[in-house]
Amino acid sequence: MRTQIDDAWGAGPTTRYEELAQRFRPVFRRIRESAVERELSHRLPREEISWLKDSGFTTLRLTQDEGGFGASLPELFNLLIELSAADPNVTNALRAHFGFTEEVLNSPSKDYRDRWVKRIAARQTSGSGFSEAGDTKVGHFSTRVVRDGDQWRIDGEKYYTTGSLFADWINLGADDENGELILVQVPTDAPGVTIVDDWDGFGQQLTASGTTKFEGVTISDDLVNPQRKRFRYSVAFYQLVHLATLAGIGRAAAADVAQLVGARKRVFSHGNADRVGADPQILQVVGKVRANAYGAGATVLKAAEALQRVYETRDTKAAETQDLSVAVADLEVNQGVTVVTSLILDATTLLFDALGASAAKRGVGLDRHWRNARTLSSHNPRIYRERIVGDFAVNGTWPPGPYRIGTP
């Protein structure tokens, strides 16, 4: 049940947010109930993701006429914070799906948009197929999508294919015959597709962020995106999902430390009270963890407003205005990266100061908060985000385009 202290996270971003959130909170609670057990047993959240699909959560951004809820981006990100408080693995596993949904909603091709809106409305989801390991050159992919008669043939290997093991499709980026970017959708059950849960990171262990191999996979023309680039605010969007996930981790940490302090019976002889829950130093720690989580959430929602403004200009022909709004959204998210990561990494470490050594037991599961936060914070180095913001502030240099990784 939602308690009074939950209201202190602040009102939702819109007047109708509470009505929207009430639909999904029972699912979030069910997901949270088994989060520690799943972490300890390495049970992938297949069932939990199916609950979200059945509830319509994966259709949030579609209009009501299209079979969704017409959620704004601030509403979406606030819901992602709430989901992440239940289990950040689940949010990360759906990150690619929500990103692909934005790609569909921003597509200038009516046929492509209509075709994929129907699939998303039918509760079909998409995983990630962009990152590659090894010595791939920066700006290119070793995975190739080339013409093969009246079809396309895909060969290659991807890593960090987060969520693909749970999805119906993989949103794939590759090089074509000319070494140019091509975007396609690949059915996860297509012959030649092999998805392996071999991610061995110390955090985000249940996202299946491992390897996917494509060996002679063939697809038809209708699965090729007519666009040769990502949607305009893709860089900011994907990073903001991570920040929303971090904010949710902070909320979960705050709830856990408050509950454990309230239930603790043993006290230290050199403490300040005969009950831990009455010790002012301990209460200060609990309050600090909550404050950090609150600040992180507020930062995420402010940046989500910038993304919403970009989305609302998608049909305008004023290209310069569009480019400026995208740059501003990128900068707002980049400014939030250091703030949110610092707040949550601090909170997930600090919470142990309010508890005894028993809080370090694996069965309690408190370590997962820091491990998950540290792993998420490592995906896109924040030092570069700070430099980008500083370069704009001093030199007026606009943020770069989509980030890629590889050998020089």
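Since we're looking at a predicted model, the values are computed, not measured. Residues: numbered from 1 along the sequence shown.
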Salt bridge [X]-[Y], side-chain N to carboxylate O under 4.0 Å:
| X | Y | answer |
| --- | --- | --- |
| Arg38 | Asp87 | yes |
| Glu39 | Arg371 | yes |
| Asp221 | Arg147 | yes |
| Glu18 | Arg25 | yes |
| Arg16 | Glu75 | yes |
| Asp256 | Arg32 | yes |

>> Between Ser142 and Glu132, is the side-chain hydrogen bond (donor to acceptor under 3.5 Å, both in side chains) condition met? List the steps.
In response: CA-CA 8 Å; Ser142 62; Glu132 295 181 353; 2.9 Å; yes

Sub-4.5 Å side-chain heavy-atom contact between [X] and [Y]:
| X | Y | value |
| --- | --- | --- |
| Asp175 | Glu180 | no |
| Leu73 | Val310 | no |
| Ile182 | Arg228 | yes |
| Leu301 | Asn78 | yes |

For [Y], is there any backbone N or O sitting under 3.5 Å from a side-chain donor or acceptor partner on [X]?
| X | Y | result |
| --- | --- | --- |
| Asn372 | Arg368 | yes |
| Asp176 | Gly179 | yes |
| Thr188 | Ala167 | yes |
| Ser164 | Ser128 | yes |

Looking just at side-chain N and O atoms, do [X] and [Y] make a donor-acceptor pair shorter than 3.5 Å?
| X | Y | value |
| --- | --- | --- |
| Thr63 | Glu66 | yes |
| Ser358 | Arg266 | no |
| Thr341 | Ser377 | no |
| Ser220 | Asp222 | yes |
| Asp198 | Tyr159 | no |
| Asn171 | His97 | no |
| Gln204 | Thr375 | no |
| Thr207 | Ser209 | yes |
| Trp169 | Gln124 | yes |
| Ser107 | Glu103 | no |

Just wondering, are more than 12 heavy atoms of other shown residues or ligands nearer than 6.0 Å to [atom1] in [X]?
| X | atom1 | value |
| --- | --- | --- |
| Arg362 | CZ | no |
| Gln284 | CD | no |
| Asp135 | CG | no |
| Phe202 | CZ | yes |
| Phe69 | CZ | yes |
| Gln151 | CD | yes |

> Nearest 0.5 Å, what's the CZ-CG distance between Arg123 and Leu52?
Replying inline: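 Rounded to the nearest 0.5 Å, the CZ-CG separation comes out at 11.0 Å.
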
Of all heavy-atom pairs between [X] and [Y], which one has the smallest distance, and what is that distance?
| X | Y | answer |
| --- | --- | --- |
| Ser325 | Arg232 | OG-NH1, 4.3 Å |
| Ser84 | Gly248 | CB-CA, 3.7 Å |
| Glu82 | Ala21 | OE2-CB, 4.2 Å |
| Thr143 | Gly156 | OG1-CA, 3.7 Å |
| Val193 | Phe214 | CG2-CD2, 4.0 Å |
| Ile5 | Arg290 | O-NH2, 3.1 Å |

>> Does the Lys NZ or Arg CZ of Arg61 fall within the cation-pi geometry relative to Tyr311 - under 6.0 Å from the ring centre and within 45° of the axis?
In response: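 Verdict for Tyr311: a cation-pi partner in Arg61.
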
> Does NZ or CZ of Lys53 come closer than 6.0 Å to the centre of the six-membered ring of Phe166, within 45° of the ring's axis?
Replying inline: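 Because its charged atom misses either the 6.0 Å distance or the 45° angle limit, Lys53 does not stack over Phe166.
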
>> Can you tell me which residue among Lys302, Arg385, Arg309 is in a salt bridge (charged side-chain N to carboxylate O under 4.0 Å, His left out) with Glu332?
In response: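 Looking at Lys302, Arg385, Arg309, the match for Glu332 under the salt bridge (charged side-chain N to carboxylate O under 4.0 Å, His left out) is Arg309.
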
>> The criterion is salt bridge (charged side-chain N to carboxylate O under 4.0 Å, His left out); which residues satisfy it with Lys137, sequence neighbours excluded?
In response: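 In terms of salt bridge (charged side-chain N to carboxylate O under 4.0 Å, His left out), with neighbours along the sequence ignored, Lys137 is linked to no residue.
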
>> List the residues meeting salt bridge (charged side-chain N to carboxylate O under 4.0 Å, His left out) with Asp155, not counting sequence neighbours, and say none if there are none.
In response: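 Listed in chain order: Arg153.
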
> Would Arg314 and Phe231 satisfy side chain to side chain contact (heavy atoms under 4.5 Å, CB included), going step by step from the backbone distance to the final call?
Replying inline: CA-CA 10 Å; Arg314 65 193 181 283; Phe231 61 100; over 6 Å; no

>> Show, in sequence, the C-alpha distance, side-chain angles and deciding distance for Phe98 and Leu94, and conclude whether the side chain to side chain contact (heavy atoms under 4.5 Å, CB included) test is met.
In response: CA-CA 6 Å; Phe98 284 113; Leu94 291 174; 4.0 Å; yes

> Can we call the ring centroids of Phe77 and Phe237 under 6.0 Å apart?
Replying inline: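 Centroid separation for Phe77 and Phe237: below 6.0 Å.
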
>> Please tell me whether Tyr238 and Phe130 form a close aromatic pair, meaning their ring centres lie under 6.0 Å apart.
In response: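 No, they do not, as the ring centres are separated by 6.0 Å or more.
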
>> Ile31 vs Val90, test: side chain to side chain contact (heavy atoms under 4.5 Å, CB included). Steps then yes/no.
In response: CA-CA 9 Å; Ile31 291 172; Val90 176; 4.2 Å; yes

> Checking side chain to side chain contact (heavy atoms under 4.5 Å, CB included) for the pair Val186/Leu223: CA distance, chi angles, key distance, verdict?
Replying inline: CA-CA 7 Å; Val186 185; Leu223 299 182; over 6 Å; no

